[in-house]
Amino acid sequence: MYEMCVGPEVPGGALVWHVMAKQATATLCGQKLSEPIAATDGERARHCPDCMASFEKLMATTSC
């Protein structure tokens, strides 16, 4: 199972929505989100392109 988390695209960068597996320590793009950021802070943030590409590949390999 996966969840969306708000965090910087790169350390100190603009906020984006990352994809993270539950119980994981890093996002699908490899970012370690050190501090939780409220989802409301990311309301207008775009999605992390690297996370979305990884998630798309995961979903393509786990078809029903």
Side-chain angles (χ1 to χ4, degrees):
M1 188 156 287
Y2 297 90
E3 60 186 349
M4 300 297 292
C5 303
V6 179
E9 185 168 14
V10 295
L15 293 179
V16 295
W17 285 95
H18 290 280
V19 180
M20 180 180 270
K22 293 213 181 227
Q23 309 300 323
T25 60
T27 64
L28 294 183
C29 70
Q31 288 283 344
K32 292 194 182 246
L33 304 179
S34 58
E35 60 185 63
I37 297 174
T40 55
D41 291 340
E43 285 179 350
R44 297 180 183 263
R46 63 187 182 88
H47 291 88
C48 171
D50 293 337
C51 279
M52 296 311 293
S54 294
F55 187 69
E56 181 179 14
K57 287 178 186 174
L58 284 167
M59 293 298 101
T61 60
T62 58
S63 61
C64 296

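- Note on Val16 and Met20: separate hydrophobic clusters, where clusters join Ile, Leu, Val, Met, Phe, Trp and Tyr whose side-chain heavy atoms are under 4.5 Å apart, directly or indirectly.
- His18 places no side-chain N or O within donor-acceptor distance of the main-chain N or O of Asp50, the cut-off being under 3.5 Å.
- For the residue pair Val19 and Cys51, the shortest heavy atom distance occurs at N-SG, 3.4 Å.
- Cluster annotation: Ile37 and Trp17 are assigned to the same hydrophobic cluster (Ile/Leu/Val/Met/Phe/Trp/Tyr, side-chain heavy-atom contacts under 4.5 Å, transitive).
- The shortest side-chain heavy-atom distance between Thr27 and Ser54 does not fall under the 4.5 Å cut-off.
- Taking OH from Tyr2 and CG from Leu28, the interatomic distance works out to 6.0 Å, rounded to the nearest 0.5 Å.
- Contact annotation: the side chain of His47 never approaches that of Phe55 to less than 4.5 Å [non-hydrogen atoms, C-beta and beyond].
- Heavy atoms only, all atoms of each residue included: Lys32 and Ala26 are closest at CG-CB, 4.1 Å.
- The two residues Glu9 and Gln31 make their nearest non-hydrogen contact at O-NE2, 2.9 Å.
- Taking every heavy atom of both residues into account, Cys5 and Leu33 meet most closely at CB-CD1, 3.7 Å.
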